[in-house]
There are 2 protein chains.
Amino acid sequence: MDPQQLRTFVTVARLASFSEAARELGYTQSAVSQQIAALEADLGTALLLRRPVGPTGAGQRLLEHAAPLLVRLEAARADVARLAGAPNTRLVLGATALAVGAALGRALGEVRRAYPRVEPVVRVLAQDVLPAQVATGEVDLALVDGLAAPSDPLPLPDVGPLRTVAVAERPVAVALPVGHPLAGRAGLALADLSAARWLDAPDLTPPAARLRAAAGVDGFRPATRYQGTDLHGLLALVAAGHGLTLLPEPVLAAAPGVGYAPIAAPRLVHRIELVHGSLPEGPAALLARLLESSRG
Amino acid sequence: MDPQQLRTFVTVARLASFSEAARELGYTQSAVSQQIAALEADLGTALLLRRPVGPTGAGQRLLEHAAPLLVRLEAARADVARLAGAPNTRLVLGATALAVGAALGRALGEVRRAYPRVEPVVRVLAQDVLPAQVATGEVDLALVDGLAAPSDPLPLPDVGPLRTVAVAERPVAVALPVGHPLAGRAGLALADLSAARWLDAPDLTPPAARLRAAAGVDGFRPATRYQGTDLHGLLALVAAGHGLTLLPEPVLAAAPGVGYAPIAAPRLVHRIELVHGSLPEGPAALLARLLESSRG
DNA sequence: ATGGGTTACGTCAATCGTAACCATG
DNA sequence: CATGGTTACGATTGACGTAACCCAT
């Protein structure tokens with residue numbers, strides 16, 4: 001099972017065409033055909049149906065394995081390259097939207113003082129792609145926010161040997177329109193809110209499925225979906241009564257126009273975790289040290 | 001980065017010898033040397049120091065990536081083979097020691113009635129190797145027990161696309177010698193026991209590091225280490241006052257000679273999860289269905 | 001001098017491209 | 001009949017083994 005073969009296999013499957021895949025990979029259509037044939041011979045099964053081109057059952061299974069495999073291969077290469085190559089003088093930070101805050105601002109300031117020549121880049125991305133971006137070296141480190149039980153780490157996809165450290169932990173509250181009867185109430189149970197209308201903002205807050213798992217009950221039916229990473233827009237929808245959302249309490253305390261009530265059960269925290277691989281000396285390593293020690 | 005090259009690399013590193021690795025892999029010493037050279041050329045760095053043979057820094061990093069990568073490759077192959085090969089007529093179940101219980105016994109009985117010709121095999125293994133065993137097809141499915149927050153899945157190593165379902169969940173209690181002042185006490189907090197003497201039984205109960213993380217405090221210093229998967233021996237040590245252990249409450253309730261006290265905080269459960277890949281029709285699939293529906 | 005990793009070189013297999021071929025819509 | 005995947009074939013590349021080499025105990 002050559003990685004090359006796996007790459008062309010996933011490409012063919014994605015484009016549903018041998019010739020398109022050949023073009024994208026810089027091969028002849030014939031070479032692609034031969035690679036697929038070799039892979040099928042190696043595994044002893046047909047992987048693709050031809051005309052129209054699509055995965056067989058076995059091909060479907062292989063596809064689920066192949067993508068993470070290729071990510072991990074690239075991650076391995078990036079990891080040794082990091083250690084072998086020139087000392088990194090850039091600083092690219094990946095982060096989920098809610099992970100960018102005052103603590104990061106302070107730390108970034110110190111890094112700019114120490115390395116005046118580097119221009120830090122902050123790239124806001126979805127939670128589930130960040131570990132892969134770190135592993136493959138597309139970002140140097142990442143700040144990921146999410147909900148978890150106090151004792152448990154965030155459930156992040158495992159894409160290789162990465163270090164994960166919590167750098168901030170805040171209580172969780174539900175955002176409400178001002179004047180909502182529940183606003184300000186203490187001891188709220190998440191399960192009691194399962195029948196309410198919820199806002200689904202996948203780039204900012206945990207999805208409904210996660211809420212159901214945390215509360216242990218069904219419900220949390222999303223009424224409106226908010227696509228975007230902008231907090232103000234989401235809060236405006238909350239204020240207008242379009243639904244509820246779970247957010248860190250300090251964020252809601254500082255937001256005008258919305259009320260909130262802390263969630264007491266189940267015991268949940270909003271946590272920001274720093275994800276990074278090995279960091280040779282440089283601005284990225286400094287930023288990691290600052291964030292780890294600031295813890296806030 | 002050919003998988004073959006990675007395999008010889010990890011073998012050379014493990015045996016600290018080119019010639020030994022060549023013997024184990026069925027190559028010439030020369031071929032091994034050439035493969036390592038090619039890999040080093042590909043990655044642009046020295047990976048091994050010669051005479052004595054050992055990994056360089058970059059080699060160390062690559063080793064951390066290579067082992068899981070090879071496991072996942074084998075898992076991919078096994079997964080398509082499962083779907084392509086002859087319908088599985090065997091039944092090999094992997095399980096951690098505490099996951100083998102009455103519910104499994106009942107389910108296994110039904111499987112034997114439905115498939116009188118198969119001889120089920122139950123293989124007791126450590127928690128952290130079971131997912132890999134499932135992925136690579138060495139066992140058909142696995143029952144894994146462990147501690148977790150009620151809403152969170154067990155923290156298992158991710159070795160590929162596997163399905164995980166909770167099949168049983170029980171309260172957690174601390175095992176104590178009979179007559180211990182805490183025995184029978186309700187509302188015990190785990191953190192209050194951090195200074196006690198603990199038994200470290202890595203094959204049966206969560207390690208000290210996990211307890212520290214769950215309780216959020218230091219401590220849980222292991223006094224005695226118990227290597228083995230036999231519950232009775234461990235309980236005998238508890239009864240003799242050699243230390244405390246965390247176990248499912250029903251197990252302790254049925255054990256003579258030991259007392260116990262349920263843990264109220266943090267909210268933890270002892271859960272048994274079923275781990276399996278795709279299961280073509282056969283005894284393994286039936287057992288999975290039975291376990292999933294019994295939930296006990 | 002010997003054990004063990006490297007290098008040179010010959011052989012064989014694998015892979016790619018060109019081009020002829022065939023099947024499906 | 002045309003688009004697109006397969007097969008045949010020749011050329012190139014790469015991988016392994018033998019054997020000579022070299023370096024460090």
Side-chain angles (χ1 to χ4, degrees), chain A residues 1-60 62-63 66 69-70 73 76-77 80 84, chain B residues 1-60 62-63 66 69-70 73 76-77 80 84:
Chain A
M1 266 205 306
D2 188 67
Q4 192 83 324
Q5 289 174 354
L6 288 181
R7 274 167 43 102
T8 81
F9 171 64
V10 303
T11 309
V12 169
R14 175 164 50 85
L15 301 175
S17 157
F18 282 53
S19 14
E20 288 283 315
R23 214 160 303 143
E24 180 168 320
L25 297 171
Y27 283 118
T28 319
Q29 178 216 40
S30 165
V32 170
S33 178
Q34 291 177 57
Q35 284 193 26
I36 300 298
L39 188 58
E40 289 181 327
D42 179 21
L43 296 177
T45 330
L47 298 171
L48 291 169
L49 301 165
R50 329 289 155 108
R51 212 179 294 255
V53 173
T56 65
Q60 197 68 262
L62 184 59
L63 278 176
L69 255 167
L70 294 172
L73 261 172
R77 166 167 266 120
V80 316
Chain B
M1 267 205 306
D2 189 66
Q4 192 82 324
Q5 289 175 353
L6 288 180
R7 275 168 41 101
T8 81
F9 171 64
V10 303
T11 310
V12 170
R14 176 166 49 85
L15 302 175
S17 155
F18 282 54
S19 16
E20 287 284 314
R23 215 162 299 143
E24 180 168 318
L25 297 170
Y27 285 118
T28 7
Q29 178 216 42
S30 164
V32 170
S33 179
Q34 291 177 58
Q35 285 193 27
I36 299 297
L39 187 57
E40 290 181 326
D42 179 21
L43 296 178
T45 329
L47 298 171
L48 290 171
L49 300 164
R50 328 291 155 106
R51 207 178 307 250
V53 174
T56 64
Q60 198 68 264
L62 184 58
L63 278 176
L69 254 167
L70 294 172
L73 260 172
R77 165 166 267 120
V80 317

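Each chain gets a letter, A, B and so on, in the order the sequences are listed, and its residues count up from 1.
- Here B:Gln35 does not reach the OP1 or OP2 of D:dA15: none of its side-chain N or O atoms lies under 4.0 Å away.
- Residue B:Leu25 is tested with B:Arg7, B:Gln4, B:Glu20 for a side chain to side chain contact (heavy atoms under 4.5 Å, CB included); the sole match is B:Arg7.
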side-chain hydrogen bond (donor to acceptor under 3.5 Å, both in side chains) between B:Gln34 and B:Ser30, worked out
CA-CA 6 Å; B:Gln34 291 177 58; B:Ser30 164; 2.9 Å; yes
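- Residues B:Val12 and B:Leu48 meet the side-chain proximity criterion, which asks for heavy atoms closer than 4.5 Å.
- Interatomic distance, CD of B:Glu24 versus CG of B:Leu15, reported as 5.0 Å (0.5 Å rounding).
- Rounded to whole Å, atom C1' of C:dA14 lies 10 Å from atom CD of A:Gln5.
- The side chain of B:Arg51 lies closest to C:dG3 when the candidates are D:dC16, C:dG3, D:dG5.
- Rounded to whole Å, the distance from CD on B:Glu40 to P on C:dT6 is 8 Å.
- Residue A:Tyr27 places at least one side-chain N or O under 4.0 Å from the OP1 or OP2 atom of C:dC16.
- Where A:Asp2 and A:Pro52 meet DNA chain C, the nucleotide closest to each residue was compared, and A:Asp2 sits on the side nearer the 5' end.
- A straight line from CG of A:Leu15 to P of D:dG4 spans 13 Å, rounded to a whole angstrom.
- When heavy atoms are screened at a 4.0 angstrom cut-off, A:Ser19 is found touching the sugar-phosphate backbone but no base atom.
- Looking at heavy atoms from C-beta onward, B:Arg77 lies in side-chain contact with A:Asp42 at the 4.5 angstrom threshold.
- Per the geometry, CG belonging to A:Leu49 stands 13 Å off C1' belonging to D:dG5, to the nearest Å.
- B:Ser33 has a side-chain polar atom (N or O) that falls below the 4.0 Å cut-off from OP1 or OP2 of C:dT6.
- Across all strands, A:Val32 comes closer than 4.0 Å to no nucleic acid atom at all (heavy-atom distances).
- A donor and an acceptor atom never sit less than 3.5 Å apart when one is taken from the side chain of A:Gln29 and the other from the base of D:dG4.
- Place B:Ser30 and B:Ala38 on DNA chain D by their nearest nucleotides, and B:Ala38 ends up nearer the 5' end.
- When rounded to the nearest whole Å, the span between CG of A:Asp42 and P of C:dT15 equals 10 Å.
- At whole-Å resolution of the value, CG in A:Leu25 and C1' in C:dC16 are 14 Å apart.
- A straight line from CG of A:Leu39 to C1' of C:dA14 spans 15 Å, rounded to a whole angstrom.
- Of the candidates D:dG5, C:dG3, C:dT6, the closest approach to any side-chain atom of A:Ser17 belongs to D:dG5.
- Between A:Gln4 atom CD and D:dG14 atom P the separation is 12 Å, expressed in whole Å.
- Close to C:dG17, at under 4.0 Å from its OP1 or OP2, lies no side-chain N or O of A:Gln34.
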